[in-house]
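One structure below.
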Amino acid sequence: MSPSGFQPLAKAGEAGMAKIGQVEKRRGANLPHWKKDGATYAVTFRLADSLPKEALDLLQRQIEAIERKFQIGNQPLSLEELVMQSKARSDVYMRLLDAGYGQCLLRDDWAAEIVAKALKHFDDDRYQLHAWCVMPNHVHVVVQPLRTHQLSQILHSWKSFTANAVNKELGRSGPVWLRESYDHLIRDEADYQHHVRYARENPAAAGLVDWKWVG
């Protein structure tokens, strides 16, 4: 089922928190985040060890190169340029995740099942889960928060519950997930279809055969 009521993003303002019509943009620790009431989001969150320092250094260099390519002088980017820049950053980020860095804890069925059950637990209650995929070291979801529930609260709930369950199973403590997630505010029907398809096809694209943690 496709979400209704898509509205295109307006021209973005400065970094920090800028309100653009009903769209808000803020800068997180490392990533920009967009927020809009009633919106649907494509979200990726990853295990704490999924990108070691050498991969993060490579990611930073590639992102800086992308930003230099688009930013000429001090002129603000157009909406089309912002979309292209965001896609380029996302492509680099996803390729590094699919390379399979880290322990890849979610390759084990018991761990993947914990996450999958958590994602589906409040579906059609706190949110509508349009697509999801648990990869060996990260998770993709296309999700629409419902009523007063906020994306940040939903993500915190998923991460907190699954981290506690995984640590209990392993008899350990400590971080399981990276604190910050990558989220993309879906703009229109074509964008929605792209991200649903990406989530569902990511295992095959990453070379995972008969991968069942996708829906």
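The shown structure was predicted, so the numbers you read here are calculated from the model rather than taken from an experiment.
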* Asked: Just by distance, do the side chain of Gln144 and the backbone of Gly38 share a donor-acceptor pair under 3.5 Å?
  -> yes
* **Heavy-atom side-chain proximity of Leu106 to Val139 below 4.5 angstrom** => yes
* Structure fact -> All heavy atoms of Asp123 vs all of Leu129, minimum pair found to be OD1-N, 2.8 Å
* Asked: Same hydrophobic cluster for Phe122 and Ile114, using side-chain heavy-atom links shorter than 4.5 Å among ILVMFWY?
  -> yes
* Structure fact -> Here the gap from Arg107 atom CZ to Asn137 atom CG, rounded to the nearest 0.5 Å, amounts to 8.5 Å
* Residues which pass side-chain hydrogen bond (donor to acceptor under 3.5 Å, both in side chains) with Trp211, listed by chain and number, not counting sequence neighbours -> none
* To do: Check for a donor-acceptor pair, side chain of Gln193 on one end and backbone N or O of Ala190 on the other, with a separation under 3.5 Å.
  => no
* Are Val134 and Leu119 close enough that some pair of their side-chain heavy atoms sits under 4.5 Å apart? -> yes
* Pro203 and Met135, any side-chain heavy atoms less than 4.5 Å apart -> yes
* To do: Heavy atoms only: give me the nearest Thr162-Ala118 pair and the separation to one decimal.
  => CG2-CB, 3.6 Å
* **Minimum-distance pair of heavy atoms, taken over all atoms of Trp213 and Ala116** => CE3-CB, 3.9 Å
* Asked: Looking at Ile154 and Arg126, what are the two nearest heavy atoms and their distance?
  -> CD1-O, 4.1 Å
* Structure fact -> Closest non-hydrogen contact found for Asp125 with Leu146 is O-CD1, 3.7 Å
* Given the rule in the side chain to side chain contact (heavy atoms under 4.5 Å, CB included) test, do Val214 and Asn202 qualify, once you have shown the distances and angles that lead to the verdict? -> CA-CA 9 Å; Val214 59; Asn202 192 204; over 6 Å; no
* Asked: How many angstroms lie between CD in Gln103 and CG in Asp49, if you round to the nearest 0.5 Å?
  -> 6.0 Å
* Asked: Looking at CH2 of Trp132 and CZ of Arg200, how far apart are the two atoms once the value is rounded to the nearest 0.5 Å?
  -> 11.0 Å
* To do: Can you measure from OH (Tyr182) to CZ (Arg46) and round to the nearest 0.5 angstrom?
  => 13.5 Å
* Would you say the ring centroid of His140 lies under 6.0 angstrom from that of Tyr198? -> yes
* Work out which heavy atom in Arg179 is nearest to a heavy atom in Lys159; give both atom names and the distance. => O-NZ, 2.9 Å
* Asked: Val115 versus Val166: any side-chain heavy-atom pair under 4.5 Å?
  -> no
* Do His195 and Tyr41 have ring centroids that are under 6.0 Å from one another? -> no
* Asked: With a 6.0 Å cut-off on ring centres, are Trp158 and Tyr127 close enough?
  -> yes
* Asked: Hey, does Leu178 have a side-chain heavy atom less than 4.5 Å from the side chain of Leu47?
  -> no
* Going by heavy atoms in the side chains, are His130 and Val143 under 4.5 Å from each other? -> no
* Check whether Phe161 and Leu170 end up in the same hydrophobic cluster, where Ile, Leu, Val, Met, Phe, Trp and Tyr are linked by side-chain heavy atoms less than 4.5 Å apart. => no
* To do: Measure the spacing between CG of Asp183 and CG of Leu155 and express it to the nearest 0.5 Å.
  => 7.5 Å
* Hey, does the side chain of Asp188 reach the backbone of Asp191 with a donor-acceptor pair shorter than 3.5 angstrom? -> yes
* Asked: So do the side chains of Leu208 and Pro136 get within less than 4.5 Å of each other, counting heavy atoms only?
  -> yes
* From NE2 (His149) to OG (Ser157), nearest 0.5 Å -> 10.0 Å
* Mind checking whether Arg197 and His194 have side chains closer than 4.5 Å, heavy atoms only? -> yes
